[in-house]
Structures are given as structure tokens and as C-alpha cells.
Amino acid sequence: MRPSIILFAKAPVPGRVKTRLHGLSAGAAARLHAAFVRDMLEMLRAFEARADLELYSDVPTDEWSDLKVSRFLQAGGDLGARLLAALETGLAAGRPQVTILGSDAPALPPSHVERLLASAADVALGPAEDGGFYAIACRRTDPQMFAGVGWSGPRVLEQTIRAAAACGLRVELGEAWYDVDTMDDLERLARSGHVPRHTAAWLAAHLAGRMKA
């Protein structure tokens, strides 16, 4: 059986996604999230020759139904419980590695994903600049690998490394990147010169002329 690459995404319900993008309407923020997911799925298609691509949403949604990608629902519980359930399901089915990415890094370089896929570690993490991680790739798991992780805090990566190591799992870090959670992050993305097409279309429609000088 082949490895799997899973994209975790929230259904783009206004008022439930990208709520830290102050100054945007709830509807505009939801459409931006939907664009992020499309761009990340397009980037991840580069790996379809070696891994199965799957989309896990938090609740049922018709968004992205036009895309040819296997779709599943995330398990219940906090983020750790949902990650662990998806990882364990794939590994128990015989997949040699399961990689999960969040949907807040639409300009993530494919080379960063490649490094995680190439890791022979039990757990490979893609560090996010805010103290979390944008991806996790596992060849082994443990029920306590996220024990004590404060998912809303700035030490998620550090706590995850500690918890996984305490379970006897070998941990490796990939290349760092940034999530787009705030308006400053969005402006950084817009100025980067590497904006993927769906996000670029959203920026042109919603933020043209509004960026800080």
C-alpha cells in the first residue's frame, strides 16, 4: 500500500474560519480559506505518483466537490485527537507513512513536503514560525504522542517533540515555513511574489490597493 498525504481543512463557513483576519468580512475570510485549500491541493498533486491524496474536512461540506480527491471527515475531539485518529487509521491499513498538512500555508514550497516524505523518522514535523507545525509525517504513532500539548499556545511544536520523544518515537524536523493567520501574514504572502493562483485571484478581488505601503 502507498503512503498517504492528508490535507486537513475546515468547511468554509463564514464566521468559523480565518477569524483572526480582522478587517475582512466573514464571507470574504471564508472564501479565502476555500482558496487556500484549492491551492494546497494543487501543490500536493505533484506527489500523486508516490502517495494517495486525501482531504479531511471537519464537517460535511459541498465545497471542493468539483475536485478529484478522496474525501473523509475528521474524527471528533481536539486537534491532537483528530490528528492521531487519521494517522492511526492510515498506518493500521498498511500505509508505510501518513502525512497530514494544515491548510493555512498556501505558498508552502513542494520541497518542504518532499523533505518530510523522505524522512525515515517515526515522526517528522514541519515547523511553523508561530511555534506550531504546518505538517506531521508519521511512520509510527503512540496514543500519548500529543499528551500535554496546548493546541492554542505558542509552544505546540516544542511540546509535541517532547511528548513524542517520551513515547520512544524518533523525531525529525523539516524546513520551517509560516501560516497565514493574521492580516500581517496575509500581507507578507501578497508581497512574497509566490502567491498561488486561487489565492492570487482572491487578493486581486478583495485587497487590491489596500495593502500597507
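- At most 12 non-hydrogen atoms from other residues, nucleotides or ligands lie less than 6.0 angstrom from CG of Asp62.
- The cationic atom of Arg188 (NZ for Lys, CZ for Arg) lies less than 6.0 Å from the six-membered ring centre of Tyr178 and within 45° of the ring axis.
- Of the candidates Leu186, Val17, Leu203, Leu186 is the only one forming a side-chain contact (heavy atoms from CB on, under 4.5 Å) with Leu32.
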Does the pair Glu48 and Arg45 meet the rule for a salt bridge (charged side-chain N to carboxylate O under 4.0 Å, His left out), with working shown? CA-CA 5 Å; Glu48 284 186 312; Arg45 289 202 182 281; 2.7 Å; yes

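- Met183 is not listed as a side-chain neighbour of Arg20, based on a closest heavy-atom distance of 4.5 Å or more.
- To the nearest 0.5 Å, atoms CG (Leu83) and OG1 (Thr160) are separated by 8.5 Å.
- A salt bridge does not link Asp58 to Arg82: none of the charged nitrogens lies less than 4.0 Å from a carboxylate oxygen.
- In this structure, Asp122 does not pair ionically with Arg139, as no charged nitrogen and carboxylate oxygen lie closer than 4.0 Å.
- Under the side-chain contact (heavy atoms from CB on, under 4.5 Å) criterion, Ala137 pairs with Gln97, Thr99, Leu116, Ala124, not counting sequence neighbours.
- Glu114 has a carboxylate O that lies under 4.0 Å from a charged side-chain N of Arg50, or vice versa, which qualifies the two as a salt bridge.
- Counting heavy atoms from C-beta on, the side chains of Val156 and Phe133 come closer than 4.5 Å.
- Between the side chains of Asp39 and Thr199, a donor-acceptor pair is found at a separation under 3.5 Å.
- A salt bridge links Arg95 with Glu54: at least one charged nitrogen is closer than 4.0 Å to a carboxylate oxygen.
- A side-chain N or O of Glu172 and one of Ser119 form a donor-acceptor pair less than 3.5 Å apart.
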